[in-house]
Structure formats: structure tokens, C-alpha cells
Amino acid sequence: MANHVFTHRLDVRFRDCDAMGHVNNAVYLTYMEQARFKHWRALWNYAEDRFPDPGVILARAECDYKSPARLGEAIEVRLSVAAIGRTSFQYEYEIVSGEDGRLIANAKTVQVVYDYAKNTPVPVPERWRELLNKKLV
């Protein structure tokens with residue numbers, strides 16, 4: 001993924017693995033969530049800004065598994081902003097081994113900008129569009 005804008009590195013923990021000795025499929029959603037959260041935190045200066053309003057909800061997630069990750073393996077979750085729509089934006093992920101560069105999984109998520117008080121999607125603020133286009137590798 002040549003155009004990734006953010007990389008989150010982590011080590012596979014014991015709790016991430018299933019009885020087969022590799023990372024359980026559901027855990028990859030957590031890895032992507034961690035990468036989104038770290039990316040979001042890197043975009044906003046929380047010393048000056050509270051969490052941005054409106055909120056964000058996850059509307060869709062998909063993941064294609066390519067090879068297993070195992071206990072103790074260092075991995076990288078590479079994230080890119082694939083598209084920004086009227087009320088949503090899409091992240092794409094490439095999860096790779098930090099040890100041998102092997103592709104572990106490809107994934108996509110769609111986030112919707114959401115007004116919790118009104119219980120409805122709202123347009124992506126212009127400031128968010130600017131921030132989402134920043135490269136933070």
C-alpha cells in the first residue's frame with residue numbers, strides 16, 4: 001500500500017490467539033480499531049481540542065485474510081484514507097508482518113459522521129476533510 005498515511009505497530013498478544021495458535025479472525029477488527037483510534041488521536045491535538053463533535057460510527061467492515069499472524073509476532077497496520085464522501089469516509093488497511101513483510105490481511109471500513117443528539121448522519125466537516133488528507137506515516 002504505497003499511499004498509506006498512517007502506520008500502527010503492535011505485537012500479537014497471547015489473548016489474541018485461538019486454539020489453532022494464530023490470531024483469531026475477530027481480533028483483526030480490534031487491530032483496525034486500534035489503528036483508527038491512533039490515527040484519529042494523531043490528527044487532533046487533544047491538549048487543545050476535546051473529542052471532535054459530531055461523532056463517528058462504524059458502518060461497515062470487511063477483511064480478507066491472507067496468512068496467519070502468530071503469538072509474539074510484530075505486525076504493522078497500515079492505514080490509508082481511500083475516499084471521503086458527503087457523510088462518510090473509508091479507510092483501507094494492509095496488515096503486514098513487521099518481521100518478514102508478509103501480507104497478513106487486507107481490509108476496509110466505512111465510518112459515518114454522526115450527530116448523536118439528532119440520531120442522524122451529518123456532512124463531513126471541512127476541517128475533517130483537511131485532516132483526513134494529512135500524511136502521518
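The figures that follow rest on heavy atoms only: side chains count, while hydrogens, waters and symmetry mates do not. All residue numbers refer to positions in the sequence shown, counting from 1.
- In the hydrophobic clustering of ILVMFWY residues, with side-chain heavy atoms under 4.5 Å counting as a link, V122 and W40 come out together.
- Between the E62 side chain and the A107 main chain, no donor and acceptor come within less than 3.5 Å of each other.
- For the pair P121 and V113, the minimum side-chain heavy-atom distance is 4.5 Å or more.
- Side chain to side chain, Y31 and R36 fail the donor-acceptor criterion of an N or O pair below 3.5 Å.
- Both F6 and V77 belong to a single network of hydrophobic side chains, linked directly or stepwise wherever heavy atoms of I, L, V, M, F, W or Y lie under 4.5 Å apart.
- Side-chain contact between E76 and H8 is absent, with no heavy atoms from C-beta onward closer than 4.5 Å.
- Note: the hydrophobic cluster containing V96 does not contain L10 (ILVMFWY, side chain heavy atoms under 4.5 Å, direct or indirect links).
- Looking at Y93 and S80, their side chains never bring a donor and an acceptor atom within 3.5 Å of each other.
- V110 belongs to no hydrophobic cluster, as no Ile, Leu, Val, Met, Phe, Trp or Tyr side chain comes under 4.5 Å of its own.
- Checking side-chain atoms of Y114 against main-chain N and O of N119 turns up a donor-acceptor pair under 3.5 Å.
- The same ILVMFWY cluster, assembled from side-chain heavy atoms under 4.5 Å apart, contains both M32 and V81.
- Using a 4.5 Å heavy-atom threshold, the side chains of P54 and P125 count as touching.
- The line from CZ of R70 to CD1 of I75 is 13.5 Å long, rounded to the nearest 0.5 Å.
- T87 places no side-chain N or O within 3.5 Å of a backbone atom of V112 that could act as its donor or acceptor partner.
- Using a 3.5 Å distance cut-off with no hydrogens or angles, the side chains of S88 and Q90 do not pair a donor with an acceptor.
- Formation of a donor-acceptor pair under 3.5 Å by the N133 side chain with backbone atoms of R129 is found in this model.
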Quiz item: Given the rule in the ring-ring contact (aromatic ring centres under 6.0 Å, His included) test, do Y91 and H39 qualify, once you have shown the distances and angles that lead to the verdict?
Solution: CA-CA 11 Å; Y91 283 132; H39 178 245; 5.4 Å; yes

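- For E73, the salt bridge (charged side-chain N to carboxylate O under 4.0 Å, His left out) test picks out R102, with sequence neighbours left out.
- Residues F89 and L29 are members of one and the same hydrophobic cluster, defined by side-chain heavy-atom contacts under 4.5 angstrom among Ile, Leu, Val, Met, Phe, Trp and Tyr.
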